[in-house]
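We count ligands from 1, going down the list as the structure has it; atoms in each ligand are counted the same way. Only a predicted model underlies this, so the values are computations on that prediction, with no experimental measurement involved.
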Amino acid sequence: MFAVTAELRDRFGRKHDYLRVSVTDRCNLRCVYCMGPEGVPPLQHSDILSYEEILAVVKAGAELGMKSVRLTGGEPLVRKGIEDLVKKIALIPSITDLSMTTNGQLLAEMVLALKRAGLQRVNISLDTLDPQLFREITRCGDLEKTLEGIRAALDYGLNPVKINVVLMKGVNEQEIDAFVKLVCEYPLQLRFIEYMPLDAHDRKWKEKYLPLEVVKEKIKARGYVLEPCAQNSGFGPAEIYQSPHLQGTIGFIHPVSRHFCESCNRFRLTADGFIKPCLYWQEELSVKPFLHDGRGLKEVLQKALEYKRQRHTMGLNLGDDGEIIKARGMSKIGG
Ligand code: SAM
Ligand code: SF4
């Protein structure tokens with residue numbers, strides 16, 4: 001019998017009701033800000049949590065008041081049978097928000113099955129609208145496939161469809177206008193995201209980092225009046241704006257220049273079964289010892305609360321070469 005029995009609140013008073021689940025470390029792209037050209041050494045199949053094991057962790061979280069689940073990766077759509085996991089999570093009564101972050105390369109062919117399985121909304125990563133630059137940033141991707149995925153997500157009623165754009169100086173900053181134009185044409189929630197120093201592969205992070213305040217001013221200088229949306233309170237880290245010319249909205253996520261740790265409400269589950277209390281810090285707790293009978297999973301989540309720190313210090317302790325080397329890069333955490 002399923003029942004919500006408690007809540008997860010850390011010592012800073014932050015309630016945790018959001019679990020981000022990385023279902024695989026594998027990916028069909030090699031984005032320059034996420035991994036090196038050779039990719040990441042893949043985990044052994046036996047190290048990866050099965051869908052039943054992921055479901056057990058999600059259920060334990062749900063009993064502790066988790067309401068939102070996001071499936072991510074690596075690339076979640078490369079894991080076989082992902083729609084079965086979506087279906088099972090969607091059946092948990094207290095999970096009222098089920099979403100996915102994807103690069104969109106396989107979305108057009110899978111969106112109907114995902115929607116039918118109960119996926120409600122999707123974030124699609126897209127850093128440029130130029131086919132050649134897309135290939136350069138992703139090292140192997142096909143822009144048209146991601147655009148088809150976006151169109152399919154809109155057509156099949158995933159709502160909202162959010163577009164994640166990681167902006168990098170000297171790489172895709174010239175694309176800002178093209179993205180704003182896209183939101184004039186389609187009801188998308190565009191989100192510009194600051195490039196984060198989370199992996200050792202890009203020692204040039206500092207040179208490419210672009211604070212988003214500059215971007216906001218550029219958009220305003222083009223004549224767009226940006227009015228804050230009501231959503232701004234309580235709906236995650238983005239600062240969101242609407243404008244009379246836009247069908248959708250424009251958001252700014254400033255994890256580096258303006259951390260939003262005071263409203264942190266999330267845990268991450270890695271593909272190999274670790275709860276990460278924070279994207280940045282290295283502490284993590286394995287759920288594996290508790291999977292054989294499911295007992296103790298709630299205690300692991302509660303224990304993870306004790307590891308929550310007040311804030312991250314991303315970008316603050318940089319040497320000349322870039323950020324200190326992290327144990328896990330983005331593709332291993334899930335964003
Ligand atoms: N493969 C999926 C995708 O790309 O959407 C999901 C996993 S990906 C790690 C999740 C998100 O993290 C993506 O939106 C990606 O752009 C973002 N990301 C990866 N590395 C990043 C970095 N160094 N700084 C900012 N965002 C990053
Ligand atoms: Fe793959 Fe997503 Fe990382 Fe790009 S950002 S390499 S699509 S996991």
Side-chain angles (χ1 to χ4, degrees), residues 20-40 42-43 70-79 82 99-107 110 121-128 134-143 145-146 149-150 153 161-169 171-172 175 179 189-212 236-238 251-257 259-260 266 268-271 276 279-280 312 314-315 318 322-323 325-326 328-335:
R20 296 177 66 103
V21 180
S22 173
V23 297
T24 177
D25 61 323
R26 295 181 191 226
C27 189
N28 45 0
L29 300 183
R30 300 270 177 275
C31 302
V32 290
Y33 48 71
C34 184
M35 56 176 77
E38 67 294 338
V40 288
L43 292 165
R70 173 174 299 279
L71 302 178
T72 174
E75 171 50 38
L77 296 183
V78 302
R79 183 152 175 189
I82 186 71
S99 61
M100 179 179 283
T101 302
T102 169
N103 61 35
Q105 293 281 289
L106 299 171
L107 188 58
M110 295 175 76
R121 60 194 185 92
V122 73
N123 290 15
I124 302 171
S125 304
L126 174 67
D127 305 307
T128 171
F134 185 89
R135 194 170 300 277
E136 282 167 28
I137 292 177
T138 62
R139 295 203 180 93
C140 53
D142 178 350
L143 172 66
K145 282 191 180 160
T146 293
I150 293 170
V161 177
K162 298 186 184 180
I163 305 297
N164 288 354
V165 184
V166 178
L167 275 184
M168 290 165 286
K169 207 190 283 176
V171 178
N172 62 344
E175 294 282 299
F179 277 110
Q189 294 195 4
L190 177 67
R191 294 124 52 86
F192 291 116
I193 302 175
E194 283 179 348
Y195 177 26
M196 293 184 264
L198 280 174
D199 210 345
H201 67 271
D202 192 353
R203 314 293 299 179
K204 303 265 186 218
W205 173 80
K206 247 196 214 172
E207 288 168 32
K208 293 188 199 149
Y209 170 67
L210 189 64
L212 288 186
F252 300 90
I253 303 184
H254 319 242
V256 182
S257 66
H259 72 86
F260 32 81
R266 60 198 63 191
R268 293 172 168 82
L269 174 65
T270 66
K276 277 194 73 70
L279 169 86
Y280 178 76
H312 67 66
M314 195 185 287
L318 295 168
E323 177 68 313
I325 294 172
K326 292 293 171 196
R328 286 180 189 265
M330 274 300 237
S331 66
K332 296 235 176 226
I333 305 172

Exercise. Would Ser125 count as a contact of ligand 2 if the rule is a heavy atom under 4.0 Å away?
Worked result: no
List ligand 2 atoms under 4.0 Å from [X], heavy atoms only on the residue side.
{"X": "Asn103", "result": "7 (S)"}
{"X": "Met35", "result": "6 (S)"}
{"X": "Gly74", "result": "8 (S)"}

Please check this pair: side chain of [X] against backbone of [Y], looking for a donor-acceptor N/O pair closer than 3.5 Å.
{"X": "Gln105", "Y": "Asp142", "value": "yes"}
{"X": "Arg139", "Y": "Arg30", "value": "yes"}
{"X": "Asp127", "Y": "Val166", "value": "yes"}

Please determine if [X] has a nitrogen or oxygen closer than 3.5 Å to a nitrogen or oxygen of ligand 1.
{"X": "Pro76", "result": "no"}
{"X": "Tyr195", "result": "no"}
{"X": "Asp127", "result": "no"}
{"X": "Asn164", "result": "yes"}
{"X": "Thr102", "result": "yes"}
{"X": "Thr72", "result": "no"}

For this session: May I ask you to test the Leu126-Phe134 pair for a side-chain heavy-atom distance under 4.5 Å?
Result: yes
Exercise. Is there side-chain contact between Asn164 and Thr101, with heavy atoms separated by less than 4.5 Å?
Worked result: yes
Exercise. Hey, are Asn28 and Glu75 close enough side-chain-wise for a donor-acceptor pair under 3.5 Å?
Worked result: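 Result is no, nothing qualifies.
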Exercise. Between Cys27 and ligand 2, which residue portion shows a heavy-atom distance shorter than 4.0 Å: side chain, backbone, both, or neither?
Worked result: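 Looking at Cys27 and ligand 2, just side chain atoms fall under 4.0 Å.
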Problem set entry | Straight-line distance of Glu136 CD to Asn172 CG, nearest 0.5 Å |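 Answer rounded to 0.5 Å: 11.0 Å.
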Seminar exercise, completed: Value for CD (Gln189) from CD1 (Ile163), rounded to nearest 0.5 Å, stands at 10.0 Å
Exercise. Where does the angle between the aromatic ring planes of Phe192 and Phe179 fall among parallel (under 30°), tilted (30 to 60°) and perpendicular (over 60°)?
Worked result: perpendicular
Exercise. Where does Val166 meet ligand 1, judged by heavy-atom distances below 4.0 Å: at the side chain, the backbone, both, or neither?
Worked result: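 The answer is the side chain.
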Exercise. From Cys34, does some N, O or S atom reach closer than 2.8 Å to atom 3 (Fe) of ligand 2?
Worked result: yes
Exercise. Out of curiosity, is Gly74 lining ligand 1, as in a heavy atom under 4.0 Å away?
Worked result: yes
